[in-house]
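A note on names: the letters A, B, ... follow the listed sequences, proteins ahead of strands, and every chain is numbered from 1.
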Number of protein chains: 2
Amino acid sequence: MKIGELAKRSGCRVVTIRYYEREGLLPAPARSAGNYRLYGEAHAERLAFIRHCRVLDMTQDEIRALLDYHDHPERPCQDVDDLIDAHLAHVADRIAQLQSLERSLVDLRTRCQGQRFASECGILKELARPLEGATGQVSGEEGGHVPGAHPRL
Amino acid sequence: MKIGELAKRSGCRVVTIRYYEREGLLPAPARSAGNYRLYGEAHAERLAFIRHCRVLDMTQDEIRALLDYHDHPERPCQDVDDLIDAHLAHVADRIAQLQSLERSLVDLRTRCQGQRFASECGILKELARPLEGATGQVSGEEGGHVPGAHPRL
DNA sequence: TGTTGACCCTATACTGACTATAGGGCTTGT
DNA sequence: ACAAGCCCTATAGTCAGTATAGGGTCAACA
């Protein structure tokens, strides 16, 4: 099948499939006489695996590790469990962070009493206050790799 | 004050301060004879405002909009409320997504019964299953701009 | 006076997971 | 023969910074 059909079947874009090939997640398929990529069922299955992982918000590195186990069925699978556990911990951490964020924003939101002018707006006043623990980076990397509040998948 | 001191006071890195200047969030400060940036209190306050917004996971565009109100105190502040409301909705959406993700991962995690080999691992088997609603992009952009599970702040 | 070390400067490239654009070639139907 | 709709490569852009290379400035100390 050509790349457009694979894209339709997998629900991922043509350019993304080519991107996965460049990144080494999908093997390069055979080519037609006119240099078109020709995929088989194995490619479709591997792409489904990748997409399933991406829906679960895994990084390419995590996916690469899982594909490696997928490709080596004789290996022990303890590390697969550990990888999922670690990813789960990252997701849980990110949820906790966003919930804390949400509380801050709700609090911030109460500060504007419908003033007419920005100069009296409690939201802007609150944002202008320095943070308590000013030293230290914005959020540190401890706690994992689950992105913040603005995804663009 | 020089850039290093501002960085220490604000808790953000020297390179990040220069980056904010390039991006137009912070105005270019005066320079010393030796071409060092020299900041005053106004810069420190503006940087605190920016950092406060970033801690709340706002994008640069959102911050730019809020700074614009900050800089024009005579304007009405209704739009500030709306911006915060919209951001709050994005954060809430992202929390819901991540919680759904967490449930999927917990479910996935139960599938491995400590098999010796990857070929029998229920996690890998489940990941290899195609997704039900295969057509349609990985998560669509509806629902806002709050990032996924792997932030790098 | 010379030099060490901490700080500062610019410019450029990299990150992740794609998306967008430019500039073409192939295939199929009319 | 030509047009529409697919496909190809290569390059650059997204966001919010971080990393690197290659150099300049300044204060203190020997």
Side-chain angles (χ1 to χ4, degrees), chain A residues 1-8 10-26 28-39 47 50-51 53-65 87 90 137-141 144-153, chain B residues 1-8 10-26 28-39 47 50-51 53-64 87 90 94 137-141 144-153:
Chain A
M1 101 195 79
K2 285 186 288 179
I3 199 168
E5 196 188 332
L6 180 61
K8 214 163 279 170
S10 66
C12 107
R13 296 188 187 163
V14 167
V15 285
T16 305
I17 296 174
R18 289 198 283 246
Y19 166 71
Y20 286 156
E21 182 182 327
R22 278 203 307 284
E23 292 298 305
L25 295 178
L26 267 184
R31 297 286 183 130
S32 74
N35 201 32
Y36 286 12
R37 288 173 178 82
L38 295 178
Y39 295 97
L47 183 54
I50 294 168
R51 260 183 56 71
C53 291
R54 282 298 298 137
V55 165
L56 295 173
D57 237 331
M58 294 180 198
T59 61
Q60 281 194 12
D61 278 351
E62 287 170 324
I63 297 171
R64 237 180 283 274
H87 182 56
H90 294 152
Q137 290 322 116
V138 161
S139 94
E141 349 212 309
H145 56 176
V146 176
H150 305 258
R152 107 192 46 273
L153 289 176
Chain B
M1 105 194 76
K2 285 185 289 180
I3 199 169
E5 196 188 331
L6 180 61
K8 213 162 281 171
S10 66
C12 103
R13 296 189 189 162
V14 167
V15 284
T16 305
I17 296 174
R18 288 197 283 245
Y19 167 71
Y20 286 157
E21 183 181 325
R22 278 203 306 284
E23 293 298 304
L25 294 177
L26 266 183
R31 296 287 182 128
S32 74
N35 201 32
Y36 287 11
R37 288 172 177 83
L38 295 177
Y39 294 97
L47 182 54
I50 294 168
R51 259 183 56 71
C53 292
R54 281 299 296 138
V55 164
L56 295 173
D57 238 329
M58 295 180 196
T59 62
Q60 281 195 12
D61 277 352
E62 287 170 324
I63 297 171
R64 238 180 283 274
H87 182 56
H90 294 151
R94 189 62 195 155
Q137 292 321 118
V138 162
S139 96
E141 350 213 310
H145 57 175
V146 176
H150 304 258
R152 117 186 38 274
L153 289 176

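Summarising the geometry, the separation between CD1 on A:Ile50 and C1' on C:dG16 is reported as 15 Å, rounded to the nearest angstrom. Distance A:Met58 CE to C:dG16 C1': 17 Å, rounded to the nearest Å. Atom CD of B:Gln60 is separated from atom P of D:dG13 by 17 Å (rounded to the nearest Å). For B:His90 and D:dC15, the NE2 to P distance is 15 Å, given to the nearest whole Å. Rounded to whole angstrom, the span from the OH atom of A:Tyr19 across to the P atom of C:dT15 amounts to 10 Å. When rounded to the nearest whole Å, the span between CG of A:Asp61 and C1' of C:dG16 equals 10 Å. Rounding to whole angstrom units, CD1 of residue B:Ile3 and C1' of D:dG24 are separated by 15 Å. If you measure from atom CZ of A:Arg22 to atom C1' of D:dA12, you get 12 Å, rounded to the nearest angstrom.
Separation of atoms SG (B:Cys53) and CD1 (B:Ile63) is listed at 5.0 Å; rounding is to 0.5 Å. Between the CG atom in B:Leu26 and the OH atom in B:Tyr20 there is a gap of 8.5 Å [rounded to 0.5 Å]. In this structure, NE2 in B:His90 is found 9.5 Å from OG1 in B:Thr59, a value given to the nearest 0.5 Å. To the nearest 0.5 Å, atom OG1 of residue B:Thr16 and atom CG of residue B:Leu47 are 9.5 Å apart. Residue A:Ile50 holds its CD1 atom at 9.5 Å from CZ of A:Arg64, rounded to the nearest 0.5 Å.
Residue A:Arg54 has a polar side-chain atom (N or O) positioned under 4.0 Å from OP1 or OP2 of C:dC18. Listed pair A:Arg18 / D:dC8 meets the phosphate criterion, a side-chain N or O lying under 4.0 Å from OP1 or OP2. For C:dT10, one of the phosphate oxygens OP1 or OP2 lies less than 4.0 angstrom from a side-chain nitrogen or oxygen of B:Arg31. Residue A:Tyr20 places at least one side-chain N or O under 4.0 Å from the OP1 or OP2 atom of C:dC18. For B:Thr16, a side-chain nitrogen or oxygen approaches OP1 or OP2 of D:dT18 to under 4.0 Å.
A distance-only check finds no donor-acceptor pair linking the side chain of A:Arg51 to the backbone of A:Cys12 [under 3.5 Å].
Take the nearest nucleotide of DNA chain C for A:Ile63 and for B:Arg37: the residue whose nucleotide is more 5' is B:Arg37. With DNA chain D read from its 5' end, the first of the two nearest nucleotides for A:Glu21 and B:Arg64 is the one closest to A:Glu21.
The closest side-chain heavy-atom distance from B:Ser32 to B:Lys2 is not below 4.5 Å. You'll find the side chain of A:Ile17 reaches within 4.5 Å of the side chain of A:Tyr39, heavy atoms only.
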Sort me out a list of protein N/O and nucleotides 1-4 of chain C N/O pairs below 3.5 Å, or just none if empty.
none

Set out, line by line, the N/O atom pairs under 3.5 Å between protein and nucleotides 27-30 of chain C.
from: C:dT27; atom 1: OP1; to: A:Gly34; atom 2: N; distance (Å): 3.4

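The side chain of A:Thr59 has C:dA17 as its nearest neighbour among C:dT19, D:dG17, C:dA17. Proximity note for B:Val15 (side chain, C-beta onward) versus D:dC7, C:dT19, D:dT18: the nearest is D:dT18.
When all heavy atoms of B:His87 and B:Leu56 are compared, the pair lying nearest together is NE2-O, 2.7 Å. Listed here is the closest heavy atom pair of B:Asp57 and B:Glu62: O-OE1, 4.4 Å.
Using five terminal pairs a side, the axes of the helix from C:dT1-D:dA30 to C:dT30-D:dA1 at its two ends make an angle of 40°, given in steps of 10 degrees.
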